[in-house]
Amino acid sequence: MSFDLVLFGGTGDLAWRKLMPALFQAFRHGSLPEGGRIIGVGRDDHSDDEYRALIQSRFENVELDKRPTEDEFARFAALLHFQRMDLSGEQDYPRLAQILRDRNADTVVMYLATAPALFTTVCEQLAAVGLNTANTRIVLEKPLGHDLASNRAINQTVCGIFSERQVFRIDHYLGKPAVQNLFALRFGNALFEPLWRREHIANIQITIAEELGVEKRGAFYDTTGALRDMVQNHALQLLCALGMEPPINSHADAIRDEKLKVLRSLRPWTPATLVSDVIRGQYGPGKIDGTAVPGYRTEEGVDPDSHTETFVALRTEILNWRWAGVPFYIRTGKRLGDRDAHIVVNFRPTPHAIFDSDIGKANRLVINLQPRDGLELHLLAQGRDNRGKPQALAPVQLDLDFDMRFGAQRVGAYERLLLDVLDGRLNLFVRSDEQEEAWRWVEPIMQAWQADSQGPRLYASGTWGPSASSAMIARDGFCWSEES
Ligand code: BG6
């Protein structure tokens, strides 16, 4: 299969950090279809060779299995081209159309890694020069708008030009191996299904913690915040994967239909729950791994009086027969105690305790997303001393480390998703109605914050966020995983 992948935003941060490394890894792993061409598009003027040299220099600082040799990079670089374009005007699109028509590849992918303000213009201009053909796929990077109205406006334009089956909305969390394993765990095994419901599960916790601050993205982040950046998309997609009913088959729409039902069943916010069940925080100065780091308000590009949240913890419920009454907690933030994304499924205690032992962390399933991905099943077992004499029951941990089990070749989220786009597989992409429903659900939070002059609670960098987050979960008689 021949393909042309046009990367709008080809000299942007995402291209350097994630997309080019992912394409290179796919090339190295031999999974990139042969006969491909990757065309970076940007505003600067670069020859193909200058663009290749830029990418090679950026590869010094990105995550790859190992550095490419000169020869290996040269073979990859042969796929790379550069096209200067001003995306906001119409004058440069006919040239792009010509370049693509001359080659007439089987599949053309338009990857929009640009500011979302440009999405509709780019799609309209592609249509104006006849580039909305049936073999075209369009990939949209987040953020897709900054609220429901702007998200809808983008979706309406895009879906007026391309059919839904041609639109690949990226949520890179869906490309993480652990998330696919969550689908496998739930729908490929009968073991957990009878337990996966309100009768047996006490609560579910989703944590996406980062050690990094806003880095060089202060100006972007200050108008975005953690709710839009992480909760509306990544965290809610994880919640859907945990809460959805078994789909009727493994096709994209069957899966997306079920995820949509979860989003529609989330408990609507009330003025009271917007106060009691949502905590926002902002990092102050502190220490990460023993090194002093500055507070958010002194980061480059950030307003010194900013009220933007870098931390969110919230409590919700899925109002249906399977889940009614089970709290789902979401927590995400920057400059937290560790880089750690995981899900904890806490099962209910046994109906009657016959052993006199502290169950500690037992009776739970942990799904680790990163830094390593795998499963931990925590059980109570009969303890023994080193002469074999029985002791009290003790918590034990059964580990399934997917990296160890399946060998060293790790397929990163972007690599996986880019290959799925080339294959035309939509399972791990988000449909417009899902996205809109997620915006609809977070909007009352955004509005409540806007009306509240108090702003976020400060937390010291290197901690687990404001103490109100622990207090929120403690109110239900539970605690976050690192506190147990
Ligand atoms: C992105 C957010 O979507 O996800 C970033 O915009 C965040 O702010 C990143 O750092 C986290 O992704 P990962 O894969 O490193 O957990």
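For ligands, and for the atoms within them, numbers begin at 1 and follow the listed sequence.
- In this structure, the protein non-hydrogen atom closest to atom 8 (O) of ligand 1 is Asp229 OD2, 2.6 Å.
- A salt bridge does not link Asp171 to Lys142: none of the charged nitrogens lies less than 4.0 Å from a carboxylate oxygen.
- Looking from atom 4 (O) of ligand 1 to the surrounding protein, the closest heavy atom is His172 CE1, 3.3 Å.
- Among all non-hydrogen protein atoms, the one lying nearest atom 14 (O) of ligand 1 is Lys176 NZ, 2.6 Å.
- Taking the charged nitrogens against the carboxylate oxygens, Glu72 and Arg75 have no contact shorter than 4.0 Å, which rules out a salt bridge.
- Residue Tyr221 does not touch ligand 1, judged by heavy-atom distances below 4.0 Å.
- Looking from atom 7 (C) of ligand 1 to the surrounding protein, the closest heavy atom is Glu210 OE1, 3.5 Å.
- The single protein non-hydrogen atom nearest to atom 16 (O) of ligand 1 is Tyr173 OH, 2.4 Å, given as residue, atom name and distance.
- Salt bridge Arg322/Glu258: absent, no basic N to carboxylate O contact under 4.0 Å.
- The pair Arg267-Asp277 fails the salt-bridge criterion, with no side-chain N (NZ, NE, NH1 or NH2) lying under 4.0 Å from an Asp/Glu carboxylate O.
- Listed by first and then second residue, the salt bridge (Lys or Arg N to Asp or Glu O under 4.0 Å) pairs involving residues 292-314 amount to none (not counting sequence neighbours).
- Close approach of ligand 1 to Lys142 (heavy-atom distance below 4.0 Å) involves ligand atoms 1 (C), 2 (C), 3 (O), 6 (O).
- Among residues two or more places apart in sequence or in another chain, the ring pair (Phe, Tyr, Trp, His ring centres under 6.0 Å) test is passed with Trp464 by none.
- Near Lys334, meaning under 4.0 Å from any of its heavy atoms, are these atoms of ligand 1: 5 (C), 7 (C), 8 (O), 10 (O).
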